[in-house]
Structures are given as C-alpha cells and as structure tokens.
Amino acid sequence: MSELDATGQVGATGTALAHEGEPVAGESPRGRRRAMSMWDKDLVHRSLRESLRKLDPRALTHNPVMFVVEVGSLFTTADALRYLASGRLGLFSFTGQIAIWLWLTVLFANFAEAMAEGRGQAHADELRRTRTETEALKETPSGIEVVPATALVPGDVVVVAAGQVIPGDGEVIEGIASVDESAITGESAPVIRESGGDRSAVTGGTTVLSDEIRVKITAGRGESFLDRMIALIEAGVRQKTPNEIALALLLAGLTLIFLVVVVTVAPFSVYSHAPVSVTVLIALLVALIPTTIGGLLSAIGISGMNRLLERNVLALSGRAVEAAGDVNVIMLDKTGTLTMGSRQATSFTPSPGVEERRLAEAAQLSSLADETPEGRSIVVLANERYDLRAPDLDSGHVEFVPFSAQTRMSGVDLDGRQIRKGAAESVARWAEVELDPQTAAVVEQISRAGSTPLLVAENRQILGAVELKDVVKPGIKERLASLRAAGIKTVMITGDNPITADAIAREVGVDDFLAEATPERKMEYVKSIRAEGYMVGMVGDGTNDAPALANADVAVAMNTGTMAAREAGNMIDLDSNPTKLIEIVEVGKQILITRGALTTFSVVNDVAKYFAIIPAMFVVAYPGLNALNIMHLTSPETAILSAIIFNALIIPALIPLALRGVRYRATTAATILRKNLLIYGLGGLILPFAGIKLIDMIVTALHLVSTAR
C-alpha cells in the first residue's frame, strides 16, 4: 500500500490494471478507429447518388447560392430547348453548353456536401452494426429473469457475467470487471469498471471480459449512449454553427445584391443597342456570386465534426465544435492530464552521517511488497542508481508491514532489522526522535517543489528522504507553448495547496493555476473567466466536475466518467484522454481557418471571371472595352463559356481541401491572416486568370476541330 503524502492524502493504489486505457493481460491497444479514405469506392458511389437526389429544389433551400444557380440552370435549359425547337442550332449549342456546366456546378456542390455527409453516415452505420439483439439477466423479486434488452427501463438491475454483452447504459452498483469497449471507442484494450468512484459508468453494447457485475440501468429504449451517438452523427451532418449561419446570410446577401445588379444590366444593354440574352445574364450572375464557398460551406462544417469523430470525440452540438475554434482559455487537470498521474521516485536524500546507498537499500527493502506505482518506482530507482537487486527473502525471517491509514507507514522486519517508510511526522513518531534541521529542511523543500517526501528509518534511526514526484508528461510543455503562441491561456486545476500548485505550474509551463479546487471554486472560476469575455474549454470526468462543465463553452466529458459529467458536457471523448482537449481546440481552429481561407479564395477569384465576361458582353457596342480583355480570349462566346467551366471545375478541385481542412499551425491571428491573404487571396486572384485562359484555348481548339469536320 502507498503512504500518505505530506498533506495526508492517500496515494494511488491498485495494480497496473487500474489505469484507464492500459492493457489487460498483456493485450496491446489496436489504436483508434481509422479514418475512412476520402475516395473510398462505396463512399463515392453513395455520394454521387445523393448529389442527384439533392437536385430537388426543396433540398437546396438551405443553400441560397446553389438554389439561385439551379434556378438559372432551369432557365438556361429552357432557353436551349427553345432554340433547338426553332432550329437555331448555333444558339442552341452555346446555350446548351452553358446549361450543362451550370447543372454540373450544382452537382459538384451537392457532391461535396454528400461526401462530407457520407463519411459521417459511414460512422453511424459502423456503430449501428455493433448493435445486436441482446438478452438481459434482470433481477426480479422471484429471482433472475431473462428479458430482451429493449424491455429494460431505468431503475432495472441486471447481472452481467464474463462473455456477456452489457444490455444498456448504466452504473455498476456491485463488483468489478474488465470490459471490452472497442465497439464504442475502437480501442481493443479492455478497461476496468467497478462500483463507486468515477469508473462506474458502463455503456450498452460493450462486453464484459472477466468477473461479474451488477448494473443499474439508467437509460431506456432509444435513449442509450449508442442510440444518441448514431442520432447525433446522422443529425450532425445537417447542423449549422452560428458562424456558418452568419456566413450563409452574408452569401445570401451578396447573391441578392448581384441579382439586382444583373437585372439592371438587361435594360442597360437594350439602351446601348447591344441586347444581352438571358443565358449570358445568368452566366454573369453565376460568375459573380460566391459559388465556390457557397458549394463548399456545408462540407467544411460537416467534415470538421467528422475529423473530431475520427479522433473518437463525439460532439453533441455544432455550436461546441465552433466554440472550440474560438476558445482562448482552457482548464486542464494536473493529475493525469499534465502529469503522468502516478508519483515516481526521483531522488534519495540521506540524513547527515548516512550514505545514500544505505538509504536506497532500506527504501528498496521496505517497498518489495508495495505493488503501487510509487513502491515499484522506488525499487527501480534503487536498482538504477546502485544496481541493488532484490534479496532472497526465503532464507531469513521476513514480515512485511502493510500500509494503514492509522500509521501512515509501511515497511518490513527482516532478520532483526526494522525498516519503515511513510509520511515524515509518522516515521519520526515511530522512531521517537526529532528530525534534525537538515532533514527537516529537505522535507520542506520537497513539499514546496510540489513533490511528496517519504522518510525512511531503520531501527529507530532516520536514514533520509525519498522524493516522489508526479512526472510531467513528455511533450506537454511544448504543446502548451504552442497554445500560448496561438493566444490561448492555459489554467491548471489541482487540489494541491497554493505553494505546491505554484511550483508545479512553473514546471509544467501553464499560465495560471487554480489551487485547492472544489466543485464550487471550479464553477465560480469558469463563470468569472467568461464574464471577462473569454471562451472557456474544460475537461472533466467526475460528478464534482459537472457544475463547471455545465458552465464552460467547450465541455469535454470523459466516456469513463460519471453520468453527471457526461450529461453536463457538450462533447464526449470516447478514449477518455484528458489531453484530447488540445486536439479539439486545434480541430476547431482548423475549421475556422479553412472556412476563412476558402471564403477569401471564392471572393477574390470572382475578379478574373468579371474581366472575362463583362468585356465579352458589351465589346460590340463599346469597342473600348476590349482593353479589359487582358487575357486576350478568343471570342465573347468562348470567354463566357470558359468562365463558367472554370467556375464549375474549381469546386471539385477544392473538395479535398474542404474535407481535410487547411493545415493548422499554432501562431497568432495576424500571421494566419497574412498567410491566407498571400496563399488564398493572391492564389485566388492569379489561378482563375490562368485557368480561364487555358480553358479558352482548349474550347477554341475543340471548336476548330469540330468545324474542320
């Protein structure tokens, strides 16, 4: 058993099996659920069928830009058929080609949205396949009764033994078992579920691998976690975040403005004795409105939720995903998030007149029966420092003294040697001595550094202190530094006293800390931060975290946490990895950056289409406009057709970028803006000029070939 630390708290106990996410019986994790290939054959086929179904005007009402393009396609198609009926084949050929490319523009936009939705639907189908008809062993006054899992209601108690599927969401009220949750998390490593504490929640559809547990059902039919996951994934593909709604309104406003502008062009062209056909006016409208971002907007938001799901994070609302990108304060638990969560022996400090080797040997002997991570680390450290091997205990009289809350010590009696280790005041009391000033100073120094001092004594003589330290996770300082570079403030939450918390905060590299954190203090801290105008992200797994989670903008609850925590959160991490909050923030920012980059590209590339179509429309009436034909396009017809073709092809070309997202690097907002303007602003200005010119050359060449025949 582990000793009480200097504050009187019991250290971590239990074997390696008690750590969430660690393998049981030597099994190794399979890894999280792999992301589906972007061009998976089944996904593409499903998306193509769905894009045709979305041609229904009712399905396009949520996208005003594409709705306008489809209406224009209908008018242009009608014009083409009218020309065909009247025998004007030249006009039919030009108008028909415009109509085809307008329809393709709508289809490509539908395909982008269908691809994003299809990836989410594939995840839902995968989860649905894990759901089978399960029988439950329900406790009744007359004994155990076998009933269908669908007949269970909240409050029922069921017994689940090894090899059986847990029939519904619930809380373990008796027993302990290892549970395979791969159907939910994608991880093959079983986890421990036991009554009491923060590891009592179980999920329907998971399998008990060992032992037997009694489970109290907490969710009725259709209300289980798995049902909610499927429903949320399927509904999530149609959710719009507030920023997305605002951008959609802006795009609708721009579309309306350009519609008014194009409508006024018609009487102007008649006045100028250069009448313009309805087809050309529609082409001008489609070229000017932001069709690129209009066609990709939904795909960007949906794919962001899919990227979270690929990281085994279930977003319960689109607003939470968007808020993750705007978070500027994140609150992280010290234990298990910033640190390894189990204290490790890091140094031996002997008392005056005692050799360090003797202290290490005594500490090792007193820890041979200690199966906690702290005890094992003392044995390992002694072996590493002095090559001390565990002695043969069969040759002499050995009696191990287990740890108890009353003595706050443990140790061993070996061949007349009495060795004890434990809390400083307890060991000093056992030795019936006053600590010498040097040893007392060492104990205080270790405590102030945020570590735990254990004193070791042999035959009533104090040998020195062992420092137990909760080791900072590798790479966590660098990740926190990258968040700071992006303008995000990090706050460490700990139950330690302020002096200890301050020492750990400096070592970890957080910007601030909340010491002696109680549920009330956590909640009040979140409220105070939000009152200052900040967006707060937080991770929690216990009932004591629920009040703060309920008040945070981004509240990530651990799947292994209590029901209260999961109900309070707006995201659930299926891997129960507290550091996942950092990845969630990065995905949120990636969504915002991708949306901004493609919006910049879409707006800017309209300039090139303007220079292609406007001169072509009025060059006959106003020959001076030929000066604006800076691309030297072949004819007015090829200029208009080339602009519309480019406008259609750029949407599928940008689908991979919309689905994968623009790569995010932690940096300042000003740097991101400069990068977007340079790459997507300047690129959006240059690429259309080159693309339209190339298409014009191809169209002209094809026309010459067809004419020669």
Side-chain angles (χ1 to χ4, degrees), residues 1-11 343-370 372 374-388 391 399-471 496-504 506-507:
M1 298 297 170
S2 66
E3 286 68 31
L4 287 172
D5 61 21
T7 61
Q9 298 296 320
V10 179
R343 298 171 298 179
Q344 305 289 309
T346 57
S347 66
F348 299 113
T349 305
S351 297
V354 179
E355 293 184 357
E356 186 175 331
R357 182 185 181 87
R358 182 187 172 191
L359 169 62
E361 180 194 17
Q364 184 193 58
L365 287 173
S366 67
S367 303
L368 292 178
D370 190 346
T372 64
E374 298 96 317
R376 292 196 300 270
S377 71
I378 291 175
V379 175
V380 170
L381 182 64
N383 182 37
E384 290 177 349
R385 291 281 179 89
Y386 298 103
D387 196 26
L388 294 175
E399 182 180 350
F400 289 105
V401 179
F403 171 82
S404 73
Q406 289 74 28
T407 63
R408 299 168 64 195
M409 294 186 304
S410 66
V412 63
D413 293 338
L414 173 63
D415 295 331
R417 300 173 64 187
Q418 291 184 315
I419 304 173
R420 300 290 185 271
K421 78 174 193 295
E425 61 273 21
S426 299
V427 173
R429 191 182 308 114
W430 174 83
E432 298 178 350
V433 297
E434 292 286 339
L435 293 182
D436 63 88
Q438 185 172 335
T439 303
V442 168
V443 170
E444 184 178 358
Q445 180 181 357
I446 292 174
S447 299
R448 286 184 175 276
S451 302
T452 301
L454 293 181
L455 280 189
V456 179
E458 180 178 350
N459 296 336
R460 310 292 178 178
Q461 178 189 2
I462 303 296
L463 300 183
V466 180
E467 180 180 5
L468 295 180
K469 185 177 182 181
D470 196 353
V471 181
D496 294 327
N497 61 69
I499 296 176
T500 300
D502 181 60
I504 298 174
R506 288 198 301 270
E507 180 182 2

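These numbers come from the heavy atoms of this one structure, side chains and all, not from hydrogens, waters or symmetry mates.
Annotation: the span from Arg420 atom CZ to Leu454 atom CG amounts to 14.5 Å, rounded to 0.5 Å. Rounding to the nearest 0.5 Å places CG of Leu359 at 9.5 Å from CG of Leu455. Separation of atoms CZ (Arg417) and CG (Asn459) is listed at 8.0 Å; rounding is to 0.5 Å. Note that CZ of Arg385 and OG of Ser347 are 6.5 Å apart. Values are rounded to the nearest 0.5 Å. Annotation: the span from Leu463 atom CG to Ser351 atom OG amounts to 7.0 Å, rounded to 0.5 Å. We find the CG-CD distance between Asn383 and Gln364 to be 7.0 Å, quoted to the nearest 0.5 Å.
Looking at heavy atoms from C-beta onward, Lys421 lies in side-chain contact with Ile378 at the 4.5 angstrom threshold. With a 4.5 Å cut-off on side-chain heavy atoms, Arg408 and Arg429 do not count as touching. Ser451 has its side chain out of reach of Thr346: every pair of non-hydrogen atoms, C-beta onward, lies at least 4.5 Å apart. Val456 places none of its side-chain heavy atoms less than 4.5 Å from the side chain of Val427. Within the 4.5 Å cutoff, side-chain heavy atoms of Pro453 are placed close to those of Ser447. Residues Arg460 and Trp430 form a side-chain contact, since some pair of their non-hydrogen atoms from C-beta on lies under 4.5 Å apart.
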Query raised in the report: side chain to side chain contact (heavy atoms under 4.5 Å, CB included) between Leu414 and Leu365: does it pass, once the steps are laid out?
Result: CA-CA 9 Å; Leu414 173 63; Leu365 287 173; 4.1 Å; yes

Report task. Show the numbers, then the answer: is there a side chain to side chain contact (heavy atoms under 4.5 Å, CB included) between Val354 and Gln461? Result -> CA-CA 10 Å; Val354 179; Gln461 178 189 2; 3.9 Å; yes

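Contact detail for Ser377 and Ala345: the closest heavy-atom pair is OG-N, 2.9 Å. Of all heavy-atom pairs between Phe348 and Ala360, the closest is CE1-CB, 3.7 Å. A pairwise comparison of heavy atoms in Gln438 and Pro352 identifies OE1-CG, 3.4 Å as the closest pair. Closest approach of Ile462 to Ala431, counting heavy atoms only: CD1-CB, 4.0 Å. Looking at every heavy atom in both residues, Ser366 comes nearest to Ser410 through O-OG, 4.4 Å.
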